[in-house]
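Each remark here refers to the structure printed beneath this line.
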Amino acid sequence: MDYDRRHVVESMLQQMLFIRLFEESVEQDALQGMVQGGVHLSIGQEAVAVGVHHALQSQDYVTGGHRGHHICLARGMDPRIMMAELMGKATGLSRGKSGSMHLIDPDHGILGLNGIVAASIGIATGAAFAVKYWQRSDQVVVGFFGDGAGNKGLFNESLNLAGLWNLPVIYVCENNQYAVETHVRQSTAGGDLSHRAEGYGFPGITVDGMDPLAVWEAVTQARTRAVNGEGPTLIEAQTYRYRGHDVGDPQTYRTKDEIADWRERDPIEYLTQMAMANEWLDGNTITALRESMQREVDAARRFALESPDPELGVALQYVYSQGGTGWQN
């Protein structure tokens, strides 16, 4: 078990380091106007996406909301074409048209991020229905969403159907304590969001979202339930975003002491100390790992910067709208 745990810790640490460094790079480019559209960073929340990923199989699907870079990178999205997409380049995943909030990569099971709050919950529920309809018994769907989305009507509608139809879906609430500027205590009644699953007839649990191993164990159990035909699970991961709601947010709604308190529970530092205490990694190895991850981030950034801008003539290509006479390109 120690051998397996060691390699899980090493893998998780590497992924979280890469995600952190990638988003720090994106943040600087966004401040300079080099990233197109709104950008919502997940710095501080890396443990949730990485913990979930380690519990899933390659055939599983995920959906996410507007804050989802960590989800995409954890699931294996190519950081070069992801960075190119963020910069609006022709080599991006969606040829530069999706931006940060609508990244999608079906080849890696990523059914899409979505800027509509709570949309990821409904999409995950629909995908889970398809999985059950087509009798893909070895496949599950994970729907990521924030605490603010837990107060939308689609949350309750989706959980009701998932419970009624016993769908193979895992709802993962990244409770980072704030819906834009509103603290969860000011917006949400009844304590832990995970308790809401009880009303729909399936388990809900709250875990430490700053501990990727705790997330991994919870999602592993939930996935086992789903593939065994036992239905959905709601997991609330208590986490925190170190940055504001989006790049440029002055963060006047919270104190520096609050941020500092959460930073003491940093998931990267937690796994680093665990790896060193167990003599799985030493300081030199961790430094080399960080430098290696930084080189990969730099390479992704160079690829994006050197990529061409889209030609003006393709602006409306692959863009659809529904009018009175049906779908139009």
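What you see is a predicted model; the values in this text were computed from it and never measured.
The pair R243-D249 does not meet the salt-bridge criterion, since no charged nitrogen lies less than 4.0 angstrom from a carboxylate oxygen. Electrostatic pairing of E10 and R6 counts as a salt bridge here, judged by a charged N lying under 4.0 Å from a carboxylate O.
H69 and Q45 form no side-chain donor-acceptor contact under 3.5 Å, judged by distance and modelled atom types alone. Looking only at atom types and distance, the side chain of T206 has a donor-acceptor partner in the side chain of S194 under 3.5 Å away. A donor-acceptor pair shorter than 3.5 Å can be found between the side chains of H54 and S11. Q28 and E24 share no donor-acceptor pair across their side chains, judged by distance under 3.5 Å alone. Side chain to side chain, E174 and T239 fail the donor-acceptor criterion of an N or O pair below 3.5 Å. Looking only at atom types and distance, the side chain of D282 has a donor-acceptor partner in the side chain of T285 under 3.5 Å away. No side-chain donor from either of D60 and Q139 sits under 3.5 Å from a side-chain acceptor of the other. Counting only N and O atoms by type, the side chains of Q238 and E236 include a donor and acceptor under 3.5 Å apart. In this model, a donor atom of one side chain and an acceptor atom of the other lie less than 3.5 Å apart for H53 and R75. A side-chain donor from one of R254 and Y240 sits under 3.5 Å from a side-chain acceptor of the other.
Around CD1 of I116, the count of heavy atoms belonging to other residues, nucleotides or ligands within 6.0 Å does not exceed 12. With a 6.0 Å radius and a threshold of 12 heavy atoms from other residues, nucleotides or ligands, R95 has its CZ atom at or below the threshold.
Shown here for V48 and A237, the closest heavy-atom pair between the two residues is CG2-CB, 3.9 Å. Across E85 and S94, no two heavy atoms sit closer than the pair OE1-N, 2.6 Å. Shown here for V62 and I71, the closest heavy-atom pair between the two residues is CG2-CG2, 4.0 Å. The two residues S158 and G122 make their nearest non-hydrogen contact at OG-CA, 3.6 Å. Minimum interatomic distance between V297 and S25 (heavy atoms only, all atoms of both residues): CG1-CB, 3.8 Å. What you find for P168 and A226 is that their closest heavy atoms are CA-CB, 3.9 Å.
Geometrically, R265 does not engage Y270 in a cation-pi contact defined by less than 6.0 Å to the ring centre and at most 45° from the axis.
The line from OG1 of T255 to CG of D261 is 7.5 Å long, rounded to the nearest 0.5 Å. With rounding to the nearest 0.5 Å, the separation of CD in E296 from CE in M293 is 4.0 Å. E157 CD to Y200 OH: the interatomic distance, rounded to the nearest 0.5 Å, is 9.0 Å. A distance of 8.5 Å separates CE of M83 from CG of D298, quoted to the nearest 0.5 Å. Rounded to the nearest 0.5 Å, atoms CG (L193) and CG (N175) are 6.0 Å apart. Once rounded to the nearest 0.5 Å, the distance linking CD1 of I205 with CG of L234 reads 9.0 Å.
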Original post:
Between E217 and Q221, does a side chain to side chain donor-acceptor pair (under 3.5 Å) hold up when you go through it step by step?
Top reply: CA-CA 6 Å; E217 292 170 359; Q221 294 175 15; 5.9 Å; no
Original post:
Can you list the steps and then say if Y171 with F155 is a ring pair (Phe, Tyr, Trp, His ring centres under 6.0 Å)?
Top reply: CA-CA 10 Å; Y171 298 109; F155 170 86; 7.3 Å; no
**OP:** I would like to know whether S120 and T63 meet side chain to side chain donor-acceptor pair (under 3.5 Å); could you show each step before the answer?
**Re:** CA-CA 5 Å; S120 59; T63 69; 4.5 Å; no
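A side-chain donor-acceptor contact under 3.5 Å links D266 to the backbone of I268.
Hydrophobic clustering, with ILVMFWY side chains joined whenever heavy atoms are under 4.5 angstrom apart, groups V219 together with V140.
Of the candidates R67, R241, R20, E46 forms a salt bridge (charged side-chain N to carboxylate O under 4.0 Å, His left out) with just one, namely R20.
At least one side-chain heavy atom of P203 sits under 4.5 Å from a side-chain heavy atom of R225.
You'll find the ring centres of Y242 and W262 outside the 6.0 Å limit.
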